[in-house]
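Okay, structure first, notes after.
Residue numbers start at 1 and run along the sequence shown. A quick note: this is a predicted structure, and the numbers were derived from the prediction, not measured. What you see below is based on every heavy atom in this structure, not just the backbone, and it leaves out hydrogens, waters and symmetry mates.
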Amino acid sequence: MTAPVNTPDILSPEFMADPYSAYRVLRNEAPLLWHEGIQSYIISRYEDVERAFKDEVFTTANYDWQLEPVHGRTFLQMSGREHAVRRALVVPAFRGAELRRTFLPVIERNARELIDGFRHAGEADLVAQFATRFPINVIVDMLGLDKADHDRFHAWYTSIIAFLGNLSQDPGVTERGLRTREEFAAYMIPIVRQRRSRLGDDLLSTLCRAEIDGTRMSDEDIKAFCSLLLTAGGETTDKGIASLFAQLLRHPDQLEAVRRDRSLIARAFAETLRHSPPVHMIMRQPAQDVKLSGGVVPAGSTVTCLIGAANRDEEHYADPDAFDIFRRELEESTAFSAAATHLAFALGRHFCVGALLAKTEVEVAANQLLDAMPGLRLAGDSEPGEQGVFTRGPASLRVRFTPAA
């Protein structure tokens with residue numbers, strides 16, 4: 001369980017600059033590694049991460065200290081019937097047919113409004129001017145909240161994401177995250193109470209009226225879910241769009257294929273989730289001792305599952321470091337379901353509720369961006385670099401294109 005001497009520490013600048021080289025060494029030489037700094041076992045092979053997501057011996061008890069301080073208690077922390085009922089209360093709003101019927105116009109409108117800000121300019125930063133704003137604006141509008149609060153939600157989203165990725169325990173980041181929980185509750189709880197008496201067609205009304213076997217979501221349940229949706233839903237789409245376009249711009253032949261055949265957008269997004277996933281780490285906690293590659297993890301320990309490493313496991317994918325939207329292992333029909341072959345949305349009973357929302361948002365965004373930006377290319381000679389450890393994606397993506405007439 002000792003780290004190979006040539007592997008940078010996951011908290012180091014070297015690791016942030018290039019985690020993929022470190023992932024390769026970990027998979028081959030230290031598939032089970034104890035990290036003193038974050039007090040966690042680290043696993044990196046596909047078979048081990050897949051098991052951690054599927055095997056019920058791995059619990060989400062770690063979310064009590066990882067998520068609850070900033071979100072409140074969410075259904076991700078629950079198990080058994082409590083988890084099944086709470087999940088069933090929210091899932092219908094995110095199923096394909098209902099999602100498209102109710103929220104597709106909201107998604108399309110928000111993409112169009114952001115693109116209108118730069119379609120005539122001939123250049124843009126797709127991260128700052130689109131990707132980081134788009135999913136948050138969509139979520140605010142889906143919930144039926146005030147569009148004037150988009151900037152406020154974006155600030156909350158940024159501070160929560162920083163809190164969740166605060167592996168080095170920076171006290172300032174922690175303080176801002178905890179303050180955000182208080183501010184978000186003060187904003188949302190009165191709105192939830194008002195909405196219960198004036199239900200509409202928005203997502204918040206859907207959550208207020210949802211009922212199974214006499215169980216409804218409390219005001220606190222709804223607030224916590226909205227906080228979770230803001231971050232989990234925002235981060236996947238935000239970094240997913242940025243990474244998708246960064247990869248396509250690095251591979252002009254694949255960009256041209258997608259431009260010609262828009263049905264390939266889903267495949268391109270699925271390959272992005274495998275090759276350059278927005279979330280690189282998810283934690284679990286085994287209820288009993290578990291034998292994995294490289295040794296035994298004691299019951300009650302924190303296990304950090306390296307999605308970014310598992311998704312490039314040589315034992316599971318051919319030429320795993322290559323970005324290839326036509327790869328044989330890519331099953332588009334299951335890529336956004338609990339049967340996915342990549343691990344970006346987790347698997348099993350805690351598979352991401354918002355996977356189809358992310359897919360819909362990315363398809364809409366990619367279609368509209370490609371329509372608005374003929375001749376799309378990188379601005380300058382620099383390659384778009386990735387940033388982040390817990391979550392990862394391009395910090396900036398400057399592009400040029402032929403402006404709209």
Original post:
Does the Asn367 side chain pair with the main chain of Glu363, one donor and one acceptor, at a distance under 3.5 Å?
Top reply: yes
Listed pairs under 3.5 Å, donor-acceptor, residues 295-308 side chains, sequence neighbours left out:
from   : atom 1 : to     : atom 2 : distance (Å)
Ser301 : OG     : Pro298 : O      : 2.9
Thr304 : OG1    : Ser40  : OG     : 2.7

Original post:
Is the side chain of Arg27 donor-acceptor paired with the backbone N or O of Ala309 at a distance under 3.5 Å, no angle test?
Top reply: yes
Original post:
With distance as the sole test, does His71 use its side chain to make a donor-acceptor pair with the main-chain N or O of Leu67 at under 3.5 Å?
Top reply: no
Subject >> Under 3.5 Å donor-acceptor, Arg259 side chain and Leu255 backbone >> reply: no
Original post:
Heavy-atom distance under 4.5 Å between the side chains of Pro277 and Asn311, does that happen here?
Top reply: yes
Subject >> Gln169, CD: over 12 other non-hydrogen atoms inside 6.0 angstrom >> reply: yes
**OP:** Would you please name every residue forming a side-chain hydrogen bond (donor to acceptor under 3.5 Å, both in side chains) with Glu331, sequence neighbours left out?
**Re:** none
Original post:
Among all residues two or more places apart in sequence or in another chain, which pass the side-chain hydrogen bond (donor to acceptor under 3.5 Å, both in side chains) test with Ser159?
Top reply: Thr180
**OP:** Please confirm whether the backbone N or O of Asp201 pairs with a side-chain atom of Ser205, one donor and one acceptor, at under 3.5 Å?
**Re:** no
**OP:** Determine, for Arg195 against Asp202, whether the closest basic-nitrogen to carboxylate-oxygen distance falls under 4.0 angstrom.
**Re:** yes
Subject >> Lys/Arg-Asp/Glu bridge criterion (N-O < 4.0 Å) met for Arg133, Asp238 >> reply: no
Original post:
side-chain hydrogen bond (donor to acceptor under 3.5 Å, both in side chains) with Gln387: which residues, sequence neighbours excluded?
Top reply: none
**OP:** Can you tell me which residue pairs pass the salt bridge (Lys or Arg N to Asp or Glu O under 4.0 Å) test with a partner in residues 223-236, sequence neighbours excluded?
**Re:** Glu220-Lys223, Glu235-Lys239
Subject >> Electrostatic pair Asp371:Arg262 at N-O distance under 4.0 angstrom >> reply: yes
**OP:** Tell me, yes or no, whether the heavy-atom count around Glu56 atom CD, taken from other residues, nucleotides or ligands under 6.0 Å, exceeds 12.
**Re:** no
Original post:
If you round to the nearest 0.5 Å, how far is CD of Glu314 from CG of Asp321?
Top reply: 7.0 Å
Subject >> Atom pair CZ/CD of Arg179 and Glu175 - distance to nearest 0.5 Å >> reply: 4.0 Å
Subject >> Main-chain N/O of Gly375 paired to Arg377 side chain as donor or acceptor, under 3.5 Å >> reply: yes
Subject >> CD1 on Ile191 to CG on Asp146, rounded to 0.5 Å >> reply: 8.5 Å
Original post:
Can you find a pair of side-chain heavy atoms, one from Tyr41 and one from Val290, that are under 4.5 Å apart?
Top reply: no
Subject >> Pairing of Arg216 and Asp221 as salt bridge, 4.0 angstrom limit >> reply: no
Subject >> Listed partners of Phe130 passing ring-ring contact (aromatic ring centres under 6.0 Å, His included), at least two apart >> reply: Phe134
Original post:
How many angstroms lie between atom CD of Glu332 and atom OG1 of Thr341, to the nearest 0.5 angstrom?
Top reply: 11.5 Å
Subject >> Shortest non-hydrogen separation from Ser337 to Thr334 and the atoms involved >> reply: OG-O, 2.9 Å
Original post:
Do the numbers put Arg274 on top of the ring of Tyr317, so that NZ or CZ is under 6.0 Å from the six-membered ring centre and no more than 45° off the axis?
Top reply: yes
Subject >> pair Phe345-Phe53: side-chain heavy atoms closer than 4.5 Å >> reply: no
Subject >> Least distance between heavy atoms, Asp125 atom then Ser396 atom >> reply: OD2-OG, 2.8 Å
**OP:** Report the residues that fulfil ring-ring contact (aromatic ring centres under 6.0 Å, His included) with His150, sequence neighbours left out, ordered by chain and then residue number.
**Re:** none
Subject >> For Arg398, all residues meeting salt bridge (charged side-chain N to carboxylate O under 4.0 Å, His left out), sequence neighbours excluded >> reply: none
Original post:
Got a donor-acceptor contact below 3.5 angstrom from the Ser21 side chain to the Asp18 backbone?
Top reply: no
**OP:** Kindly write out the residues that satisfy ring-ring contact (aromatic ring centres under 6.0 Å, His included) with Phe336, not counting sequence neighbours, or none if the list is empty.
**Re:** Phe269
Original post:
Among all residues two or more places apart in sequence or in another chain, which pass the side-chain contact (heavy atoms from CB on, under 4.5 Å) test with His316?
Top reply: Tyr46, Asp313
**OP:** Would you please name every residue forming a ring-ring contact (aromatic ring centres under 6.0 Å, His included) with His35, sequence neighbours left out?
**Re:** none
**OP:** Apply side-chain hydrogen bond (donor to acceptor under 3.5 Å, both in side chains) to Ser168 and Asp170, showing your working.
**Re:** CA-CA 6 Å; Ser168 61; Asp170 182 309; 5.8 Å; no
Original post:
Between Phe15 and Tyr20, is the ring centre distance below 6.0 Å?
Top reply: no
Original post:
When you check the gap from the basic side-chain N to the acidic O, do Arg327 and Glu271 get nearer than 4.0 Å?
Top reply: yes
Original post:
Which heavy-atom pair separates Ala372 from Ile115 by the least distance, and what is that distance?
Top reply: CB-CG2, 3.6 Å
**OP:** For Asp55 and Arg51, indicate whether the former's side chain and the latter's backbone hold a donor-acceptor pair under 3.5 Å.
**Re:** no
Original post:
Would you say His342's side chain and Ala335's backbone share a donor-acceptor pair under 3.5 angstrom?
Top reply: yes
Original post:
Do the two ring centres, one from Tyr157 and one from Phe184, sit under 6.0 Å apart?
Top reply: no
Subject >> Interatomic spacing from CD1 in Ile265 to CG in Leu370 - rounded to 0.5 Å >> reply: 6.0 Å
Subject >> Side-chain touch Thr391/His280, heavy atoms, less than 4.5 angstrom >> reply: no
Original post:
Between the side chain of Asp149 and the main-chain N/O of Arg152, is any donor-acceptor distance below 3.5 Å?
Top reply: no
Original post:
Listed by chain and number, what are the side-chain hydrogen bond (donor to acceptor under 3.5 Å, both in side chains) partners of Thr174, not counting sequence neighbours?
Top reply: Asn166
